[in-house]
Protein chains: 2
Amino acid sequence: MNLPPLVQTFVLHFGEMGSRWGINRTVGQIYALLFLSKEPLNAEDIVERLGVSRSNVSMGLKELQAWNLVRLQHKPGDRRDYFATPDDIWQIVRTLVEERKKREIDPTMTLLREVLMQEPASAEERHAQERMREMHDLFELLTGWYADVQRLDTERLVQLLTLGSKVQKILEMKDRLFVVPGSKKSRRDDAKDR
Amino acid sequence: MNLPPLVQTFVLHFGEMGSRWGINRTVGQIYALLFLSKEPLNAEDIVERLGVSRSNVSMGLKELQAWNLVRLQHKPGDRRDYFATPDDIWQIVRTLVEERKKREIDPTMTLLREVLMQEPASAEERHAQERMREMHDLFELLTGWYADVQRLDTERLVQLLTLGSKVQKILEMKDRLFVVPGSKKSRRDDAKDR
DNA sequence: CTATGTTTTCAGAAATTTCTGAAATTACGG
DNA sequence: CCGTAATTTCAGAAATTTCTGAAAACATAG
């Protein structure tokens, strides 16, 4: 491995981290390297810096492309493929969440919907279905929230995250201002309706 | 594998899903089984239903306990250990996020802080550090948000998630109401400050 | 303390994943 | 077309992870 020490530390860490996610070491290292690199790199650059085989790099890049995590670029007068990560780190977050949702949540939701259609044949199955219903509803709530905030531009998203639960305060304030005093319908019920 | 069909479908799916996370098939299956079960199960129950070895179940349960994902229980007059997942699915989500943060985000933050302290020895290292700074700040924002909403009780959390980006509307309304007209300091700046 | 039921540990077998080198394919310039 | 550079594919080697059975450790009742 042929890298400035500071870069190497990070690359090695991401390689290890990769295993905790479903991703292998080399893929993690390639990604870390591209993320830190100012210039796009070609496959041979990566081979030299990481000290792994050319074919391994080829497969790793293919996987990263399948995840939409790297962009393929070309330099004029050079027919090699160059790879880079988006400059905007928020774009990376969005892609990551999107792809993980596609691979993990969506298939699970499909399965849950299927199983929830079936008629339970016993008390045990009935209870199992109830649990699956809970999970289904939870995922629906979370993906709904995600679909919603995902549409925000980054500036507003950051604003929202910065506020955190302070939003709560503002909601309470809104209530005090706008709920007709003595009205039966509180905001809490509002939230449950939807 | 000795399970009602409906349960089996789910258990198998979670087994496969486990690999996408850093978790192995058996651990995923054990967890799915406990999640769906009305009654707590002991190790031998799990062996029978999943058709895996006793030692494998022992190791799987140990791992799930390390993740705080199962509770150990006892029945009067029975000295075997019984295992169950929390009834409250939101508790499960909280534990999962907490544990993943502990295992993935926290060590990465430590590493980033260390590397960001060092003096860059080249333009390449300087750029790499800038990128790491971006990642560091991103994680800080996200974990800050998390620490904040994590404190909310479930009802309020659900309320917040249900609103999604509609919170935005309320924020805008708040602005219109409370920003002194003609003031130099907009809400946007506010958000950036912290 | 002993007998028995229960859980844990762990060395090696089995399965799976990762990685490589060689060959095949693709893509382009001339 | 042809030749060359670049990339991909893929069979098998290497490494890693998972799983098992046997033994050890632990715990409780008697």
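When reading the values below, keep in mind they use all heavy atoms of this one structure, side chains included, and skip hydrogens, waters and symmetry mates. So you know, we letter chains A, B, ... as the sequences are listed, proteins then strands, and number each from 1.
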With sugar-phosphate taken as primed atoms, P, OP1 and OP2 and all else as base, the protein-contact string of nucleotides 25-30 of chain D at under 4.0 Å (heavy atoms; B, S, -) is --BB--
Of B:V57 and A:R80, the one whose closest DNA chain D nucleotide lies more 5': A:R80
When the nearest nucleotide of DNA chain D is assigned to A:M59 and to A:F83 on a heavy-atom basis, which residue is associated with the more 5' position? A:F83
Please identify each residue that fulfils side chain to side chain donor-acceptor pair (under 3.5 Å) with [X], with sequence neighbours left out.
X	result
B:K102	B:E99
B:S53	B:S55
A:S37	none
B:S19	none

Near A:K75 NZ, under 6.0 Å, is it more than 12 heavy atoms from other residues, nucleotides or ligands? yes
Sorted by chain and residue number, the side chain to side chain contact (heavy atoms under 4.5 Å, CB included) partners of B:L3 (sequence neighbours excluded) come out as B:M1, B:V7, B:Q8, B:V11, B:L33, B:R49, B:L50
In residues 66-78 of chain A, what residues come within less than 4.0 Å of DNA chain D, judged by heavy atoms? none
What residues from residues 15-51 of chain B pass a heavy-atom cutoff of under 4.0 Å to DNA chain D? B:N24, B:R25, B:T26
Closest non-hydrogen contact found for A:L116 with A:R133 is CD2-N, 3.8 Å
Take atom CD of A:E63 and atom C1' of D:dT9, then tell me their distance rounded to the nearest Å. 16 Å
Separation of [Y] [atom2] from [X] [atom1] (nearest 0.5 Å):
X	Y	atom1	atom2	answer
B:L64	B:R71	CG	CZ	13.5 Å
A:E119	B:L6	CD	CG	10.0 Å
B:I30	B:L69	CD1	CG	12.0 Å

Going 5' to 3' on DNA chain C, which nucleotide is the first and which the last to come under 4.0 Å of a heavy atom in chain A? C:dT18 to C:dC28
With a cut-off of 3.5 Å and sequence neighbours excluded, list every side-chain donor-acceptor pair involving residues 78-88 of chain B.
unit_1	atom_1	unit_2	atom_2	d
B:D78	OD1	B:R80	N	3.0
B:D78	OD1	B:R80	NE	3.1
B:D78	OD2	B:R80	NH2	3.0
B:D78	OD2	B:Y82	OH	2.8
B:D81	OD1	B:H74	NE2	2.8
B:Y82	OH	B:N42	ND2	3.3
B:T85	OG1	A:R131	NH2	3.1
B:D88	OD1	B:W90	N	2.9

Return each pair, listed once, that meets ring-ring contact (aromatic ring centres under 6.0 Å, His included) where at least one residue sits in residues 30-67 of chain A; pairs must be two or more places apart or across chains. none
What residue pairs, at least two apart or across chains, pass salt bridge (charged side-chain N to carboxylate O under 4.0 Å, His left out) with a residue in residues 19-44 of chain B? none
